[in-house]
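Computed from a prediction, not measured in an experiment: that's the story for all the values here. To find a chain, count down the sequence lines: A is the first, B the second, and so on, and within it residues start at 1.
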Amino acid sequence: MTQLSRRQVLLASGAVLIVSAAEAADSQSVRGQPASSARRWGLLIDTAKCAADCTICVDACKAEMGLTGHDRPLTDAQYVRKVNVKDPASGHTHSLPVMCQHCAKPPCVDVCPTGASMKRADGIVLVDRHICIGCRYCMMACPYKARSFAHEAQTGQQPHLPRGKGTVEGCTLCVHRVDEGRPPACVEACAAKAKGAMLFGDLKDSSSDIARRVAREATSRIRADLGLDPAVRYQGI
Amino acid sequence: MLARLLLGLLMMASATAALAAEPLALPKAKGGTTCVEAPAVMRRDHPDMLKHQRDETMRLGIRGAKASLKECVACHSTAAADGAPRRVDDPGQFCQSCHAYVAVKPDCFECHAAVPGQKTAGGAP
Ligand code: SF4
Ligand code: SF4
């Protein structure tokens, strides 16, 4: 029988400690600690499970974020929308939810004159409404039409999502939930009330469901040709 | 001349006395709660505390800090007779009373919720 050296035993126990620490910190942000660039939050959306007439994710988003409209679909705030597409050659149709793609190289951040449009260390792209001047350059720059502008004075805000007149807003990937270790509201609602077409997780954690599927299965990104490296991936398109 | 000066001093003194005798009638915070700092510190420093924290939380993602506007609202909003929460920036309410007195308009509640969040089945508000 081989004798384990003292050093090997120490190394092995150290590995166990590291694994358990990583597991504990896996889902939730650590209180008092900043978001970490060791993570990249992302979504994998299976369009085969997404019905054209289903708006459960859109409705869940509006409820979660306290988005109230003025019956003006062109300008009312929307963080996620359903896009129905058809292949003109085959006639094949599919439907996909499109929200901020939380690009790794976000043009909305590049063009912002104030630094309000920003990317957190963990890849979540946000608007710091404290310093947004409402110029809407970012809305012009975003190829995914992901941002909205609050044209009117707002009421009925949720405590976790301040929003007000004259500033730009968009999908936050439910950062308030993510920091508590909970999935985004759209993902939760789709799993509970529809077919569970959306998977949320850490793309940089090779043991997460999303990273494993992205490594194993064919996935695509909308307008991948632009090279913005979005954190939202799709299957079936 | 001297008499006028004395009169002026007397009026100033009585005005100060009147102020001291009539502190602002602020609605009480929720029972059983303790503020994160002593009242004197809060009165002077709460704008700096909140402004410092907003950047740390919003831009760096630091959660669970001592200063939190959400917690201010949670403790300092009161309920109307029908149980509906009142906005902390309504006249006579906690934030507005002081800010009206010193003639400063707080912008916070153009964007931030001025009433506490309702607990949902999903967890924290
Ligand atoms: S999808 Fe648009 S708003 Fe979101 S990060 Fe990319 S460019 Fe910015
Ligand atoms: S609207 Fe706001 S976030 Fe967008 S580019 Fe202008 S200042 Fe930046």
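Here A/Arg221 pairs with A/Asp229 in a salt bridge; the nearest charged N to carboxylate O distance falls below 4.0 Å. Salt bridge status for B/Arg63 with A/Glu180: absent, with no side-chain N to carboxylate O gap under 4.0 Å.
In the displayed structure, B/His52 atom NE2 is contacted under 6.0 Å by at most 12 heavy atoms of other residues, nucleotides or ligands.
A donor-acceptor pair is defined here as one N or O able to donate and one able to accept, closer than 3.5 Å; such a pair exists between the side chain of A/Arg81 and the backbone of A/Lys145.
Residue A/Ile124 does not touch chain B at all, counting heavy-atom pairs closer than 4.5 Å. Heavy atoms of A/Ala192 lying under 4.5 Å from chain B are absent altogether.
B/Gln96 contributes atom CD, which lies 9.5 Å from atom NZ of B/Lys105 (distance to the nearest 0.5 angstrom).
Chosen from A/Ala185, A/Gly166, A/Gly115, A/Ala153, the residue pairing most often with chain B at heavy-atom distances under 4.5 Å is A/Gly115. Ranked by heavy-atom pairs under 4.5 Å with chain A, the list B/Leu60, B/Thr57, B/Asp55, B/Asp107 is led by B/Leu60. When A/Met118, A/Glu64, A/Arg120 are compared by the number of non-hydrogen pairs under 4.5 Å with chain B, A/Met118 comes out ahead. Annotation: maximal heavy-atom pairing with chain A below 4.5 Å, among B/Gly61, B/Gly64, B/Ala113, B/Cys111, occurs at B/Cys111.
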